A.B. asks: 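So that we are looking at the same thing, I have put the structure below in structure tokens.
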Amino acid sequence: MEGLNPFHRFLHRRMFFLLLTGACTHAPDHPHIQPAQISAPDTVAISVPDTVADISSDTSSHHLPEGFAYVRDSIPGIAEDIRYCSENNFIGDTIDGYMAPRAILTNEAIHALKAVQTELNGNGYGLKIFDAYRPQRAADHFVRWSKDMQDQRMKAAYYPDIQKISLFRKGYIADSSGHTRGSAIDLTLIYQDGAHAGEETDMGCSFDHFGPIAGNSAVITSRQKEHRQLLKETMEKHGFIAYRGEWWHFLLKNEPHPNTYFDFSVE
């Protein structure tokens, strides 16, 4: 910069400084897509690499990822009892990622579920949802809980005949779930009309009961079996797959995100 007056030397130094600091900055890594260990099928922990889509920063109570919707916005009259947004579940605490008791599903799953609700309404029944979309962080919460052998507070209500240490091995809980892909749902039948309107039908055991009775119809009454069969046949008729180990669990056959595990909050 020899021969330049002081003002020109100042401008040259300023431009050099800006170029230098600009070269030291870069775009951050994508914060929402991370590799994960997942398992398939839904309740068997076989670890394979896949994708977890954490888009929580892009969502709010009025905004969901593209392709997702609140169930009650699309199916008026459907009942919800979102157990993981309460203490009434097998852990006994609100589960990570559940900020509000709202059922969320992919649009495809909601479309199929609406057809189920319509058909059941015509027969005097309706649906009550216990869980729908489930954030991956909730499954991670399940894993942490399963390793704490001192926490047995909900054993009598949810796994009276199963040792906690065996819950993963027997497939009652897993480190990932079809729920996290947005097209699985846990639900039951309720009476639509009459003196018992809104009440759950007798299914032989409660939602999230960890034990053989949850999937074994040979040890329940004929009436309980009829209720399970009605739910299963109607869900399957409209595109869902039943899980034989849990009468309440169904997965959309043609799910739109078969390999993506989402992690946005339920709010």
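None of these values were measured; they are calculated from a predicted model. Just the heavy atoms: all of them, side chains too, but no hydrogens, waters or symmetry mates, feed the values below.
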A.B. asks: Thinking salt bridges, do Asp96 and Arg137 make one under a 4.0 Å N-O criterion?
C.D. replies: no
A.B. asks: Step by step, would you call Arg134 with Asp186 a salt bridge (charged side-chain N to carboxylate O under 4.0 Å, His left out)?
C.D. replies: CA-CA 11 Å; Arg134 180 187 306 164; Asp186 296 334; 3.7 Å; yes
A.B. asks: With the 4.5 Å side-chain cut-off for hydrophobic clustering, are Tyr172 and Val143 part of the same group?
C.D. replies: yes
A.B. asks: Under 3.5 Å, is there a donor-acceptor pair linking the side chains of Tyr98 and Asn89?
C.D. replies: no
A.B. asks: May I ask you to check whether Phe210 and Phe90 place their ring centers less than 6.0 Å from one another?
C.D. replies: yes
A.B. asks: Considering non-hydrogen atoms only, spot the tightest contact between Tyr261 and Ser176 and give its length.
C.D. replies: CE2-CB, 3.8 Å
A.B. asks: Do the ring centers of Tyr133 and His179 come within less than 6.0 Å of each other?
C.D. replies: no
A.B. asks: Give the minimum heavy-atom separation between Asp81 and Lys128, together with the two atoms involved.
C.D. replies: CB-CD, 4.0 Å
A.B. asks: Answer whether the closest heavy-atom distance between the side chains of Tyr70 and Leu64 falls below 4.5 Å.
C.D. replies: yes
A.B. asks: Are side-chain N/O atoms of Arg83 and Ser86 paired as donor and acceptor at under 3.5 Å?
C.D. replies: no
A.B. asks: Check whether any side-chain heavy atom of Thr188 lies under 4.5 Å from a side-chain heavy atom of Ile129, and answer yes or no.
C.D. replies: no
A.B. asks: Looking at OG of Ser222 and CD1 of Ile220, how far apart are the two atoms once the value is rounded to the nearest 0.5 Å?
C.D. replies: 9.0 Å
A.B. asks: Would you say Tyr191 ends up clustered with Leu189 if hydrophobic residues are merged whenever their side chains have heavy atoms under 4.5 Å apart, either directly or through other cluster members?
C.D. replies: yes
A.B. asks: List the atom of Met235, the atom of Val116, and the distance in Å for their closest heavy-atom pair.
C.D. replies: SD-CG1, 3.7 Å
A.B. asks: Is the number of heavy atoms from other residues, nucleotides or ligands within 6.0 Å of NZ (Lys114) greater than 12?
C.D. replies: no
A.B. asks: Do Ile190 and Leu231 land in one hydrophobic cluster if side-chain heavy atoms of ILVMFWY residues count as linked below 4.5 Å?
C.D. replies: no
A.B. asks: Nearest 0.5 angstrom please: Thr234 OG1 to Asn123 CG, how far?
C.D. replies: 7.0 Å
A.B. asks: How close do Ile162 and Gly211 get, heavy atom to heavy atom, and via which atoms?
C.D. replies: CG1-CA, 4.4 Å
A.B. asks: Do Phe262 and Phe68 have side chains that get closer than 4.5 Å, going by heavy atoms?
C.D. replies: yes
A.B. asks: Salt bridge or not for Lys237 and Glu119, using N-O below 4.0 Å?
C.D. replies: yes
A.B. asks: Does the side chain of Gln224 come within less than 4.5 Å of Met203's, by heavy atoms?
C.D. replies: no
A.B. asks: Taking atom CD of Gln163 as the centre, report whether more than 12 heavy atoms of other residues, nucleotides or ligands fall under 6.0 Å from it.
C.D. replies: no
A.B. asks: Going by distance alone, is a donor N or O of one side chain under 3.5 Å from an acceptor N or O of the other, for Asp193 and Tyr125?
C.D. replies: no
A.B. asks: Less than 4.5 Å apart, any side-chain heavy atom of Phe142 and any of Tyr84?
C.D. replies: yes
A.B. asks: Taking NZ, NE, NH1 and NH2 as the nitrogens, is one of them in Glu80 or Arg102 under 4.0 Å from a carboxylate oxygen of the other?
C.D. replies: no
A.B. asks: State the CG-NE2 distance between Asp202 and His227, to the nearest 0.5 angstrom.
C.D. replies: 7.0 Å
A.B. asks: Establish, for the pair Lys164 and Trp145, whether the NZ or CZ atom is under 6.0 angstrom from the six-membered ring centre and no further than 45 degrees off its axis.
C.D. replies: yes
A.B. asks: I'd like a table of donor-acceptor pairs (distance under 3.5 Å, sequence neighbours excluded) in which one partner is a side-chain atom from residues 105-113, with atom names and distances.
C.D. replies:
unit_1: Thr106; atom_1: OG1; unit_2: Ala109; atom_2: N; d: 3.3
unit_1: Thr106; atom_1: OG1; unit_2: Ser183; atom_2: OG; d: 2.9

A.B. asks: Given side chains that start at C-beta, do those of Glu236 and Lys232 come closer than 4.5 Å, heavy atoms only?
C.D. replies: yes
A.B. asks: Write down the atom of Ala138, the atom of Ile95, and the distance for their closest heavy-atom approach.
C.D. replies: CB-CG2, 3.6 Å
A.B. asks: Got Asp131 and Trp248 here, is their nearest side-chain heavy-atom distance under 4.5 Å?
C.D. replies: no
A.B. asks: Taking the basic N atoms (NZ, or NE/NH1/NH2) and the acidic carboxylate oxygens, is any pair closer than 4.0 Å for Arg153 and Asp93?
C.D. replies: yes
A.B. asks: In terms of hydrophobic clustering (I, L, V, M, F, W, Y; side-chain heavy atoms under 4.5 Å; direct or indirect links), are Leu230 and Leu127 co-clustered?
C.D. replies: yes
A.B. asks: Looking at Asp175 and Arg144, does any basic side-chain N land under 4.0 Å from a carboxylate oxygen?
C.D. replies: no
A.B. asks: Report the distance from atom CD of Glu233 to atom CD of Glu226, rounding to the nearest 0.5 Å.
C.D. replies: 11.0 Å
A.B. asks: Of all heavy-atom pairs between Ala214 and Cys205, which one has the smallest distance, and what is that distance?
C.D. replies: CA-SG, 3.7 Å
A.B. asks: State yes or no: do Ile173 and Ile213 share one hydrophobic cluster built from I, L, V, M, F, W and Y residues joined by side-chain heavy-atom distances below 4.5 Å, directly or via other members?
C.D. replies: no
A.B. asks: For Gln152 and Tyr159, run side-chain contact (heavy atoms from CB on, under 4.5 Å): C-alpha distance rounded to whole Å, both residues' side-chain angles, the deciding distance at 0.1 Å, then the answer.
C.D. replies: CA-CA 9 Å; Gln152 303 273 343; Tyr159 51 107; 3.6 Å; yes
A.B. asks: Would you give the length of the straight line joining atom CG of Leu187 to atom CD of Gln117, rounded to the nearest 0.5 angstrom?
C.D. replies: 9.5 Å
A.B. asks: What verdict does the side-chain contact (heavy atoms from CB on, under 4.5 Å) test give for Arg72 and Ile78, after you've listed the backbone C-alpha separation in whole Å, the side-chain angles of each residue and the deciding distance to 0.1 Å?
C.D. replies: CA-CA 6 Å; Arg72 293 189 70 177; Ile78 198 167; 3.8 Å; yes
A.B. asks: Side chains of Met99 and Val266: does their closest heavy-atom pair fall under 4.5 Å?
C.D. replies: no
